[in-house]
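All chains are named by letter (A, B, ...) in the order of the sequence lines, taking the proteins before the strands, and each is independently numbered beginning at 1. Note: hydrogens, waters and symmetry copies are ignored here, and every other heavy atom, side chains too, is used.
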2 protein chains.
Amino acid sequence: MAAYDHPDLATFELTVVLRALADPARLEIVRHLARVGEANCATLIGTRPKSSMSHHFQVLRDSGILRTRIEGVQHRNSLRREELDTRFPGLLMAVLNAP
Amino acid sequence: MAAYDHPDLATFELTVVLRALADPARLEIVRHLARVGEANCATLIGTRPKSSMSHHFQVLRDSGILRTRIEGVQHRNSLRREELDTRFPGLLMAVLNAP
DNA sequence: CATATTGTTCGACATAACTCGAACAAGGCA
DNA sequence: TGCCTTGTTCGAGTTATGTCGAACAATATG
């Protein structure tokens, strides 16, 4: 498996990021990653099928919210916190702290 | 025209608010209101037809982002800043300050 | 009352988005 | 090599969302 493409910080679009966060499944993923730091896809699958999760990870990746690092067979995901904070100060924190 | 229903602070849903903000037209409306304080629908219509704008205002209203006050024939819109800030601290500011 | 102004509502259409099974790809290991 | 694990990709189906014209409602004004 080839490495993923991650968008550059300067190209993050606010509406794209907001749309990516505006889904319950993805919000759950983001909050989980905020707690554990890094996780592979499997550990994040609740009751949803793999293909659905793969889709959500792609949306999050394409928007710039997370990064996926390949290690063997596993794909390790983590938030791009510093970059997100640089481009959209306070946004991620507000979302993570929200009820 | 009867007064509008505005959702209660405690019922604001993060995903609903994010989805409402995740549209270019609505983001423009929100940013404009942040600048001018209050505005009726007509002054916010760019090239879009009235029915489209009415739809966007409804989405923003239903999510809790803005309030609409009826004064004669005009409907005056303004952000529910304090309430939004109470429920989602920092969120609106992050969105308004974003590039 | 007649008319203009402001917006809403309705209905239809187009497009985007989420969901999920099935097939596929790549790495690790016996 | 054969098989298991981890995810992706594809395709189809369903639902949600945005767009816009046309008709309607409410208020103000001549």
Rounded distance (Å) that lies between atom P of D:dT27 and atom CZ of B:R69 = 16 Å
Among residues two or more places apart or on two chains, list those pairs meeting salt bridge (charged side-chain N to carboxylate O under 4.0 Å, His left out) that have a residue in residues 9-23 of chain B.
-> none
Under 4.0 angstrom, heavy atoms only, what part of the nucleic acid is A:R76 near: base, sugar-phosphate, or nothing?
-> nothing
Distance test, side-chain N/O of B:N40 to OP1/OP2 of C:dG7, below 4.0 Å | yes
Can you tell me how far P of C:dT8 sits from CG of B:L44, to the nearest Å?
-> 12 Å
Round to the nearest Å and state the distance from A:M53 atom CE to D:dT9 atom P.
-> 16 Å
Can you tell me the distance, in whole Å, between the CZ atom of B:R26 and the C1' atom of D:dG18?
-> 8 Å
Note: A:R26 and A:A20 closest approach over all heavy atoms is NE-O, 2.7 Å
Just how far, in rounded Å, is P of C:dC18 from CD1 of A:I45?
-> 17 Å
Kindly give the heavy-atom pair with the smallest separation between B:R61 and B:P7, and that separation in Å.
-> O-CD, 3.3 Å
Ring centres of A:Y4 and A:H75 under 6.0 Å apart?
-> yes
Does B:R19 have a side-chain nitrogen or oxygen under 4.0 Å from the phosphate oxygens OP1 or OP2 of C:dA17?
-> no
Atom-to-atom span, CD of A:Q58 to C1' of D:dC10 - whole angstrom | 12 Å
List the atom of A:V17, the atom of A:S63, and the distance in Å for their closest heavy-atom pair.
-> CG2-O, 3.6 Å
Treat each ILVMFWY residue as a node, draw an edge where side-chain heavy atoms are under 4.5 Å apart, and state whether B:V59 and B:L91 are in one component.
-> no
Nucleotide D:dT9, atom C1' - distance to CG of A:D5 in whole Å | 16 Å
Does the side chain of B:Y4 get closer than 4.0 angstrom to OP1 or OP2 of C:dT8 through an N or O atom?
-> yes
Along nucleotides 19-26 of chain C, 5' to 3', which nucleotides get a B, which get an S, and which get a -, given that the test is a protein heavy-atom distance under 4.0 Å?
-> BBBB---S
Looking at A:I65, A:L33, A:L60, which hits side chain to side chain contact (heavy atoms under 4.5 Å, CB included) with A:N77?
-> A:L33
In whole Å, what is the span from the CZ atom of B:F57 to the P atom of C:dT8?
-> 8 Å
